[in-house]
Enquirer: 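Pasting a structure here, questions to come.
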Amino acid sequence: MPTIRLAVLVVFLLACSLAAAAGPGGAAVATAHPLATTAAVRILRAGGNAFDAAVAASAALAVVEPGSSGLGGGGFWLLYLADTQRTVMVDGRERAPLAAAGDMYLDKSGKPLPRASLDGALAAGIPGEPAALVHVAHKYGRLPLARSLAPAIRLAREGFPVSEEYVGKAKFRLQVLRRHRRAAAIYLDDGALPEPGWMLRQPRLAQTLETLGREGRAGFYAGPVAAEMVRAVRAAGGIWRLEDLRRYRVLEREPVVFGYRGYTVTAAAPPSAGGIGLATMLNILEGYDLETLDKATRVHLTVEAMRRAYRDRQRYLGDPDFVAIPRARLTSEAYAAKLRAGIELHQATPSAALSDAPAPVGADTTHFSIIDAKGNRVAATLSINYPFGAGVVAGKTGVLLNDEMDDFAKQPGLANVYGLVGGQANTIEPGKRPLSSMTPTFVEGHGRVAILGTPGGSRIITMVLLGILEFTEGEGPTAWVTRPRYHHQYLPDVIQHEPSALAGVRERLRAMGHALRDVGRRYGDMQAIMWDRASGRLEAASDPRGIGSARVVHLHATAKPGE
Ligand code: DON
């Protein structure tokens, strides 16, 4: 009898673990551009897994959203490996060139050189995206790299009609694009702003992608492509050397993992500020019964959590290979309890009261989410920083350079282009990675899995926070990507918000001592997926603020012609 009972128990446990390990059967993809979503779906249908699809989506986004991410940039790819139930963060963040110096964006008298870390070749860090694509494809993919790059190569060579969004970004950066001959020749229509529908063709970028597919890492970081990039960067006033490219390495890092109300949150680790920031904010908020509170109190407490997390961002965070980060303490519940104790229920804490930090002197990126039939997942946020990065194309390679160096603290107290005031941990050093806000994230618990992330500079982390709160309150991905957004980043000491986000509570928040700033438009471009294990349902959603597309794919269906 006991043997039978034991056998039943073993079978039951086995069934449970199989059910937990089993994937959704179908797949889902959400990216910021319909052509990138199609590229990823095509690779899934060709037998690729989520990691192959991620390579296809990243490369396609590099082509169809050249203003947001690309081979000349970097990013973080958060992976969940269903077989081993392991999570890993692939860090393909740019590094400062080896000839970089702490004062490289200051003049002789110590004054900041206007826009030197934003426009032009001196603003460019050493790209990490090509190395990351090779790494993800070789280590985790099932298809050859060249196969996963094929849709992007075709889009680059044959061209595609640009969107209104593209035109908007090009208009925003028109001056810089016009200043650089090759950039103007590629991204503008005879030097003028293109109309929506204009065909953007990038044959040289197609060639570089082909070389990468054929030769792997060496196709970008050595040989003729590397030589041409270094030549072009130096001719345009930059400081890259061949050695910078040769020594670039992708790193695998342990993501930040913590609990929130029975959910496990897994998010980007330093050099992203995202995971630690989310842990601080959610650990603080776990001490309140948010759902029972009125909207004004709820916003107030969330803002106070944001303020404290961003204070710590400035104080402690940077490249973990260069600075010691008190990661365990910052993500602990005990630390959050201490911070929570300093929050008043109906009164804002002025940021100035939280530290002796100097006041600020002054006041495009992309994300995709993928799950495959086995349950492998990818959340990836990729960037060249400001729209169209540095605005410089590296010679005949067709690669648009990033301006990620602006994410460093260039001088104590000086804000970057997103208003983030830099701290000592994030000063420029040769080979260092600039601190990022990019926060690809998984949340899992209560039988449901969420995959999410967004572009949006310093506001990325708070957008992901608001998305997680929606999810843990039972909402689906359409609600996470749609909800109106608000943000606080410690400095400036003001709640930045979308026009409708604080409707009905503005006066109460002001009465509590909060300053409010309507940013005048909606922001973010969240791409999200939810898998409900119990019902087996997959849902995907693309932010209505952008032009992205989200698709749930039934892989047994016959492929449509052309797919
Ligand atoms: O890594 C970062 O935090 C920034 N370079 C991201 C820039 C960004 O999201 C721009 N998009 N709106």
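We count ligands from 1, going down the list as the structure has it; atoms in each ligand are counted the same way. What you see below is based on every heavy atom in this structure, not just the backbone, and it leaves out hydrogens, waters and symmetry mates.
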Enquirer: Given a heavy-atom cut-off of 4.0 Å, could you list the residues near ligand 1 in chain and number order?
Expert: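 Answer by chain and number: Arg93, Asp364, Thr365, Ser383, Asn385, Glu404, Asp407, Tyr418, Ser436, Ser437, Met438, Pro455, Gly456, Gly457, Ile460.
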
Enquirer: State which residues pass salt bridge (charged side-chain N to carboxylate O under 4.0 Å, His left out) with Arg115; sequence neighbours excluded, sorted by chain then number.
Expert: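 Expected list: Asp119.
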
Enquirer: With a 4.0 Å cut-off, would you call Arg307 and Asp493 a salt bridge?
Expert: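 Looking at Arg307 and Asp493, the cut-off is met.
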
Enquirer: Any pair with a residue in residues 477-490 that passes salt bridge (charged side-chain N to carboxylate O under 4.0 Å, His left out), sequence neighbours left out, goes on the list, sorted by first then second residue, please.
Expert: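 Sorted pair list: Glu470-Arg483, Arg485-Asp543.
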
Enquirer: If you count every heavy atom of other residues, nucleotides or ligands that lies below 6.0 Å from Glu252 atom CD, does the total exceed 12?
Expert: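 More than 12 within 6.0 Å, yes.
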
Enquirer: Name all pairs fulfilling the salt bridge (charged side-chain N to carboxylate O under 4.0 Å, His left out) condition that reach into residues 65-80, sequence neighbours left out, sorted by first residue then second.
Expert: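 Checked against salt bridge (charged side-chain N to carboxylate O under 4.0 Å, His left out) - neighbours excluded - no pair reaches residues 65-80.
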
Enquirer: Are Phe388 and Phe172 side-chain neighbours, meaning at least one heavy-atom pair lies under 4.5 Å?
Expert: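 The answer is no, as the side chains (C-beta and beyond) never meet within the 4.5 Å cut-off.
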
